[in-house]
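Let me begin by presenting the structure, written as structure tokens, before commenting on it.
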2 protein chains.
Amino acid sequence: MKNRLFAFTVSVGLSVVVPVASAYNGSALSPQIQIPGYTFGQKSVATAPYTLKDLESLKKTLLFTDEDVLYLRKSKEILANQTDAILDVWYGFVASTPELVEYFKNTKTGQPDGDYLNAVRKRFGQWILDTADANYDQVWLNYQYEIGLRHTKIQKNKTDHVKSVPQVNFRYLPALTIPVTTTLKPFLAKKGVSAADVEKMQAAWVKSVLLQTILWSYPYVRDGQF
Amino acid sequence: MKNRLFAFTVSVGLSVVVPVASAYNGSALSPQIQIPGYTFGQKSVATAPYTLKDLESLKKTLLFTDEDVLYLRKSKEILANQTDAILDVWYGFVASTPELVEYFKNTKTGQPDGDYLNAVRKRFGQWILDTADANYDQVWLNYQYEIGLRHTKIQKNKTDHVKSVPQVNFRYLPALTIPVTTTLKPFLAKKGVSAADVEKMQAAWVKSVLLQTILWSYPYVRDGQF
């Protein structure tokens, strides 16, 4: 399975994945300034329609504990200088899955939009770090809602000023939990931590990504049913 | 974590969980006759609004392969005579989580409805077996839609003729993937299969349960956005 997943990278056409500098290079500039469209903590982000209490209930249901938070933090040190390699794998998976690359299609050319893919990729790299050291506070919660909106008809394409398909269909959001966290595992294992710790970090990632995709789903769900 | 999860069972009040005979006892009667409200394959079940092609795309996105199907099948032999013990753990988790037991509340008494819990439990036991040897055909797909409807305002409470809260909120459906599959692992490990096979069976279960909860979500999602 590992080999098959890594093979995705090989199959990526150059027109689809444009290599970029690391999304977060540790310079003094904040990610908000370095990464266009990354608005975490900014005033433009609306207040989430769910509360911190709702979040606590969801975390409880997901068996998401303080231990998971610690293992996510631990994963940050390991993943921080591997984000480009991880993104190569994730973008390779998207590029080799027509149902997914569809969402990056330029509606004028009918082809994947390299600039769009590149712009999203920078924020996606930052998302790896943000997932690893999330604070689960109101600011974080608001940004989950913002990310959700950016997948729907309400906000997709606006951040990057692109002409693409109007929405990512809901069903692929929770589904992506699996490829994202499955392909992450070899990267978690690269820095000589124990197999048991790799398992715990990956399990924490599965919970966190599923939690986030559930929060992102809010604008897709009928009124009063979330 | 294992100990904490099993401790859920201990904390279950008798008023909440009513022990029942095994949901599927291998007698000549079909589950449809033995289990009230279990209508898999029956004419009353509507055609799903998603297609087999949609299902294939979702399976691909979830990295759900033929190997996962094989490991799910393998899990059936292991789980078949443990379904009551598994349900004790799952019901223990629900009973100890106020946000979840709420969905079994009798709106007259304000208390969890023992008859309702018991009726759902029988179908839940059958669901374990159905998840392990699913065929992923149109009949299976239709029943996923039916299960989804039974969680929403459209159909909840009707199958069991109960007076309870009108819906299960969407967000708990995908979230339950984690407790269901985490607590399953010790049961998968009980029959002396290798640790590697336990991992593969559990990973297949995670994918299958997440796949199902995504399909169950259809009636919650706004028109044209699923």
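Below, chains carry the letters A, B, ... as their sequence lines are ordered, and counting in each starts from 1.
- Closest heavy-atom contact between B/Pro174 and A/Ile214: CG-CG1, 3.8 Å.
- Taken to the nearest 0.5 Å, the CG atom of A/Leu55 stands 10.5 Å off from the CZ atom of B/Arg171.
- Ring orientation note: the planes of B/Phe170 and A/Phe170 are nearly perpendicular, at an angle over 60° on the 30°/60° scale.
- For A/Thr213, no part lies under 4.5 angstrom from a heavy atom of chain B.
- Within 6.0 Å of the NZ atom in A/Lys156, the count of heavy atoms belonging to other residues, nucleotides or ligands exceeds 12.
- We find the CD-CD distance between A/Glu99 and B/Glu56 to be 9.5 Å, quoted to the nearest 0.5 Å.
- B/Gln225 touches chain A through backbone and side chain together, each having a heavy atom under 4.5 Å away.
- In this structure, B/Lys191 places its NZ atom where more than 12 heavy-atom neighbours from other residues, nucleotides or ligands lie under 6.0 Å away.
- Listed options B/Thr152, B/Thr61, B/Val168 were ranked by heavy-atom pairs under 4.5 angstrom with chain A; first place goes to B/Thr61.
- Residue B/Asp66 places its CG atom among 12 or fewer non-hydrogen atoms of other residues, nucleotides or ligands, all under 6.0 Å distant.
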Table please: side-chain donor-acceptor pairs of residues 198-205 of chain A below 3.5 Å, with sequence neighbours left out.
residue, atom, partner, partner atom, Å
A/Glu199, OE2, A/Lys185, NZ, 2.8
A/Gln202, NE2, A/Thr181, O, 2.9
A/Trp205, NE1, A/Ser75, OG, 2.9

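- Summarising the geometry of A/Lys60 relative to B/Pro98, their closest heavy-atom pair is NZ-CD, 4.0 Å, with the distance given to 0.1 Å.
- In this structure the side chain of B/Thr177 never reaches within 4.5 angstrom of the side chain of A/Thr177, judged on heavy atoms.
- Contact count against chain B (heavy-atom pairs under 4.5 Å) is highest for A/Asp223 among A/Asp223, A/Leu215, A/Asp54, A/Val94.
- With hydrogens and angles ignored, the 3.5 Å screen pairs a side-chain donor or acceptor of B/Arg222 with a backbone N or O of A/Val221.
- The contact between B/Pro219 and chain A is made entirely by backbone atoms, counting heavy-atom distances below 4.5 Å.
- Heavy-atom distances place both the backbone and the side chain of B/Leu62 under 4.5 Å from chain A.
- Taken from CG in B/Leu173 to OG in A/Ser217, the straight-line distance is 11.5 Å, to the nearest 0.5 Å.
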